[in-house]
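So you know, we letter chains A, B, ... as the sequences are listed, proteins then strands, and number each from 1.
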Amino acid sequence: MKSFYITTAIDYANGSPHLGHAYEKVLTDVVARFRRLMGDDVYFLTGIDEHGQKVQQSAAKRGIEPIELCDEAAGQFKELCSSLNISNDDFIRTTETRHKDVVRSILQDLFDRGEIYQAEYKGFYSARAEQFLQEKDMVDGKWPEIFGEVTEITESNYFFKLSKYQDWLVEHIKTHEDFIFPRFRAKQVLEFLKEPINDLCISRPKERLEWGIPLPFDEGYVTYVWFDALVNYISAVGYGTPDFDKYWPVNYHVIGKDILLPPHSVYWPIMLKAIGVEIPSSLLVHGWWSINGDKMSKSTGNFIEPSEFVKEYSVDALRYFLIREMSVGQDSDFSDELFTNRYNSDLANDLGNLLNRVLTMTPRYCGETFPARTISEEPEKELEEAWANTEGKVVELYEEFQFHKGLELAFAFIRSINRYAEQRSPWKLAKSEDQKDKDTCATALSLMAEALRRAVGLLEPVMPETTVRVYELLGYKSDAPWLERLKPSDALTGAKVGEKVILFPKPQQEKK
RNA sequence: GGGCCUGUAGCUCAGUUGGUUAGAGCAGUGGACUCAUAAUCCAUUGGUCCUCGGUUCGAGUCCGAGCGGGCCUACCA
């Protein structure tokens, strides 16, 4: 069995889940589920990043211990995962021993190899903001009020030698076209690497930052941001143990476009290279959601609470929208109107209503089980042909992360089932006394159910609950591998027709 | 300053290595039908493919310039 390791970025504990987090989880989950269905041994990791100044500050402000704040955040993000039906195999927290041990061992290793050195850092420090300021923070050549008193100080810190690996990294990106997906993102990285890169400051003195992992070779410091956070990807799969190479190197790190450069495309590969570990196979870089055309931002408060949509509609409805509407890598817009349109026309009208038609007509005209199909004429052949043109293509599109296009094709097929229903009009045939008409009627209803069975199979990576639900309602049971379940079959013949249900109810429309 | 992405019907987007009358879904309009969540099906309206110039027998597709939008360069998924 081929192993397949995939991760999301870890979310920062000092914040609440919003649509962006939800999307990344769902996207990664869809890939993970798809690979599982394709027979891979999948390990899917997500988690949160708990150290750092902001967590320390927020906790202090609320008068609680940092770890208490992290426990809260961990709860929230785990809740997000379960409410989105995320199938992660692991959830890592950077305060866990298994993680801290790996971080310290890597730091020690690099220190011993001479890849980390101590140097003086000189800069303008704001005591109020507890951070060094950059020139860009200046307004009209002055430090703004909010920083309070700013003084130039010298601080000793530890640095990681990034620059010596720059040429190697450029070469690697140039020769590995699938290292960064979508490919246009790689251009940005290469552009960045045309300039010499600076060594990376990886420490903070404990007086300034307490909430972190102490450097093993100098307990007066903690490590800062990336040497802590990025390492989660290997600490979760047993770096340093014999099991490590079961899943490493990772197949995909799924990340937002904001943390591609420099952390995931520069720091992380170089860190791994420096400790002699294989670097990630690929970075899957997604875009951002805007809300009603505006950038999602803390100041305008236009955050979308994913849980609201799950509550109002369903998990699968939200998952469907997120995956159907966004082309992986590009940005996309989220609005109530877009959501409602998708929900009503695709899910409720095309898919839900079709199921409803099948579940209503079959018992009425044919009895409690799906009858055998005995007729195969032009309409049947056309529908089968439509399926033949759909199935393989959708799987192919999924493999290329073109989920939105895959779903588009899947729903085009669902519409052709509706079209077939009109052509055959079982409700008319049922009134006929003619045996041929009765056979055609039975065939039509049975084929509609069968076609629907295959169609919802295609939706499984994106809408797992829906697939299972429809299978149940069609009386379909199978342990067969996914690709086999997508094949035409007689499995429904004789299967018991389920109770009539409304799969995707439309919320009460407001009266005007 | 440098760089990346993007600009195709009212809306969201497809348009493969340049090749005949530019496509889909939604929305709109007309019709059919009644099994169904006023649903589905059929037909149909709608486009100077941002602008200008170039290469070519031929460009939405390639090249150049410009304009608009988003973003990176500068730790928000």
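Summarising the local packing, CD of A/Glu377 is surrounded by more than 12 heavy atoms from other residues, nucleotides or ligands at distances under 6.0 Å. Within a 6.0 Å radius of CD in A/Glu152, more than 12 heavy atoms belonging to other residues, nucleotides or ligands are found.
Look at the P atom in both B/C52 and B/G18: the space between them is 23 Å, to the nearest Å. One C1' atom belongs to B/C13, the other to B/C49, and the distance between them is 13 Å to the nearest Å. Rounded to whole Å, the C1' atom of B/A74 lies 31 Å from the corresponding atom of B/G64.
The nucleotide whose nearest atom lies closest to any side-chain atom of A/Arg342 is, among B/G25, B/C41, B/C75, B/G25. Closest approach to the A/Gln330 side chain among B/C72, B/C35, B/C5 is made by B/C5 (side chain taken as heavy atoms from C-beta onward). Ranking B/C35, B/U37, B/U12 by closeness to the A/Leu338 side chain, first place goes to B/U12. Residue A/Phe504 has its side chain nearest to B/U37 when only B/C76, B/C41, B/U37 are considered. If you check B/G25, B/C75, B/C4 against the side chain of A/Val225, the one that comes closest is B/C75. Checking B/A74, B/C5, B/G3 against the side-chain heavy atoms of A/Phe192 singles out B/A74 as nearest.
Counting any heavy atom pair closer than 4.0 Å across all strands shown, A/Trp288 reaches a base atom. If you check every strand for non-hydrogen atoms under 4.0 Å, A/Tyr12 touches nothing. Here A/Leu261 lies in heavy-atom contact (under 4.0 Å) with sugar-phosphate atoms only. Counting non-hydrogen atoms under 4.0 angstrom, A/Asn356 reaches a base of the nucleic acid.
For A/Phe334 and A/Tyr23, the ring centers are positioned 6.0 Å apart or more.
Side-chain N/O atoms of A/Lys405 include one lying less than 4.0 angstrom from OP1 or OP2 on B/G15. A close approach under 4.0 Å does not occur between any side-chain nitrogen or oxygen of A/Lys257 and OP1 or OP2 of B/C71. Of the side-chain N and O atoms in A/Lys500, one or more sit less than 4.0 angstrom from OP1 or OP2 of B/U37. Contact between the side-chain N/O atoms of A/Asn344 and the OP1/OP2 oxygens of B/C26 is not found at any separation under 4.0 Å.
Each of A/Val31, A/Leu27, A/Ile323 was checked for a side-chain contact (heavy atoms from CB on, under 4.5 Å) with A/Val328, and the lone residue meeting it is A/Leu27.
Judged by the 6.0 Å distance and 45° axis criteria, A/Arg342 is not positioned over the aromatic ring of A/Phe321.
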